[in-house]
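What follows is a set of notes on a single structure, which appears directly below.
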Protein chains: 2
Amino acid sequence: MARKTGSHSEITGPRIRAEAMKLFARHGFAAVSMRQIAAAVGLQAGALYLYTPDKEALLFDLLKDHMDGLIAAWQEKRGGESPVGALETFVRFHIRYNGERPEAVFLSYMELRNLSPENFAVIEGLRRAYETELENILKAGQAAGAFLVPDTKLATMAIIAMLTGVNTWFREGGRLSRATVEDIYWDMVRKAVSG
Amino acid sequence: MARKTGSHSEITGPRIRAEAMKLFARHGFAAVSMRQIAAAVGLQAGALYLYTPDKEALLFDLLKDHMDGLIAAWQEKRGGESPVGALETFVRFHIRYNGERPEAVFLSYMELRNLSPENFAVIEGLRRAYETELENILKAGQAAGAFLVPDTKLATMAIIAMLTGVNTWFREGGRLSRATVEDIYWDMVRKAVSG
DNA sequence: GTCTATAATCTGATAGAC
DNA sequence: GTCTATCAGATTATAGAC
């Protein structure tokens, strides 16, 4: 049954990225060989270089796509609500979007050190841009008297760490549904920034 | 000046662990070779095997020592205070103890997947025991009416993620001192679990 | 577009000299 | 206690056949 050769550039590229994502997340970037990725896709190692100039570029593409997708999805979601409404939207969005992509999120936190300085700066810039979205909500709420936050930058980092941390323990089919987790986290965040 | 040979078993062991910790944290366990570790200590690769049976045992020792130290330090710190006092003590302890050991903390979160199942279970058990310390504080406070927490397990995970996240952005000599960071995080935690 | 073969190098770990 | 030499195999990436 195994196909030995052929022309499949349109589906092979995405399949390589999908398998690389799985393997990098499971074993770590450095621990995964190009041969392993090729084998998971059903190729020989040499064929991978038709789709990526090298191993690091493969990682960079995965991280870049994730950050672009995250920011684009947020831009679509955000509205002109009150500060409290905007914060609730952010909290629920962050838990849900990242919860659906645990591998990409894990890579984005753990494998940045394997990027070249230039590529690292690109991902870092996107991460900062996303964090600024939350910080702006907190600043607006603080100015409007809706929140009492001693330091908006610290609150931003604290909230994002808390929300992203859901990925480390949440398991589909466990004691709580995603919706319940969202509710409980929103309750804690809301109180944490209150007066 | 370079020493070529000699007998230094009492200091070589700790130096190997210290250099391995630095290198594993910086580049990742899989990306660091035994030769790199040996070079950092000033040894040849073969000499490392006088001090560790293999590379994984070296990682396990680092993680085990860190978890043992964390739990021992907490046992010494904890007192018979009120729930609110106990929570404040935990928050400040966690930020300070982990803040002083960023490399060990990073390893403890990122390199667990490189342990054998048996060694993984040991570290995981210690981590859970530590988390239970916080959960018990939350449960006691909830029972005493000092806290209003919809789910003590979720609140435990949320608080620990939030506190540990300080390590991802805090830099000595930056805008805020460690003490100020502790104050602000304690303020947020206190409100998050309040009624 | 994919394969096979290969270059040049590195890997973890061991044996034995000193 | 440390070094040198070595084993057996893996690594990224490229060249050229098909």
Side-chain angles (χ1 to χ4, degrees), chain A residues 1-24 26-63 107 111 113-116 118-119, chain B residues 1-24 26-63 107 111 113-116 118-119:
Chain A
M1 301 290 289
R3 170 180 53 77
K4 286 285 179 190
T5 188
S7 177
H8 302 272
S9 76
E10 274 137 43
I11 58 169
T12 303
R15 288 195 54 214
I16 289 171
R17 283 191 285 279
E19 295 296 338
M21 172 94 87
K22 266 197 275 189
L23 288 167
F24 289 162
R26 190 128 52 218
H27 308 291
F29 175 78
V32 174
S33 71
M34 295 298 266
R35 279 170 182 76
Q36 279 178 272
I37 298 168
V41 181
L43 294 175
Q44 294 301 315
L48 295 180
Y49 292 87
L50 273 294
Y51 299 91
T52 183
D54 56 31
K55 194 183 170 190
E56 192 225 302
L58 192 48
L59 174 63
F60 175 70
D61 280 352
L62 293 174
L63 300 187
L107 282 190
E111 303 292 2
R113 63 189 169 195
N114 289 299
L115 297 176
S116 68
E118 299 75 25
N119 285 342
Chain B
M1 301 289 289
R3 170 180 52 77
K4 286 286 178 187
T5 187
S7 176
H8 303 270
S9 76
E10 274 137 44
I11 59 170
T12 302
R15 288 196 54 214
I16 289 171
R17 283 190 285 279
E19 295 296 339
M21 171 95 88
K22 267 197 274 188
L23 288 166
F24 288 162
R26 190 128 52 218
H27 308 291
F29 175 77
V32 174
S33 71
M34 295 298 267
R35 280 168 181 78
Q36 279 178 270
I37 298 169
V41 181
L43 294 176
Q44 295 300 316
L48 295 180
Y49 292 87
L50 274 293
Y51 298 91
T52 183
D54 55 31
K55 195 183 169 190
E56 192 224 301
L58 193 46
L59 174 63
F60 176 70
D61 279 351
L62 294 174
L63 301 187
L107 281 190
E111 302 293 0
R113 62 189 168 194
N114 289 299
L115 297 176
S116 68
E118 298 76 25
N119 285 342

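Labels below follow one simple rule: chain letters A, B, ... track the order of the sequence lines, proteins then strands, and each chain is numbered from 1.
- Partners of A/N119 according to the side-chain contact (heavy atoms from CB on, under 4.5 Å) rule, which considers only residues two or more places apart in sequence or in another chain, are A/E56, A/F60, A/L115, A/S116.
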Enumerate donor-acceptor pairs with a distance under 3.5 Å from any side-chain N or O in residues 37-45 of chain B to protein atoms, sequence neighbours excluded.
none

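- Partners of B/R35 by salt bridge (Lys or Arg N to Asp or Glu O under 4.0 Å), not counting sequence neighbours: none found.
- Atom CG of A/L50 and atom C1' of C/dT4 are 14 Å apart (whole Å).
- When the side-chain nitrogen and oxygen atoms of A/T12 are compared with OP1 and OP2 of C/dG1, none of them lie within a distance under 4.0 Å.
- The side chain of B/Q44 contributes an N or O atom lying less than 4.0 Å from OP1 or OP2 of D/dT4.
- Applying the side chain to side chain donor-acceptor pair (under 3.5 Å) criterion to B/E19, with sequence neighbours excluded, gives no partner residue.
- Which of D/dC3, C/dC3, D/dG1 sits closest to the side chain of B/Y51 comes down to D/dG1.
- Looking at residues two or more places apart in sequence or on another chain, you find no side chain to side chain donor-acceptor pair (under 3.5 Å) involving B/D61.
- In this structure, B/L48 places its CG atom 15 Å from C1' of D/dT4, rounding to the nearest Å.
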Review point. What does nucleotides 10-16 of chain C look like as a protein-contact string, B for base, S for sugar-phosphate only, - for none, at under 4.0 angstrom between heavy atoms?
Key: -BBBB--
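- At distances below 3.5 Å, at least one donor-acceptor pair connects side-chain atoms of B/K55 with backbone N or O atoms of B/V32.
- One interatomic measurement links the two molecules: CD1 of A/I11 to P of C/dG1, which rounds to 12 Å at whole-angstrom precision.
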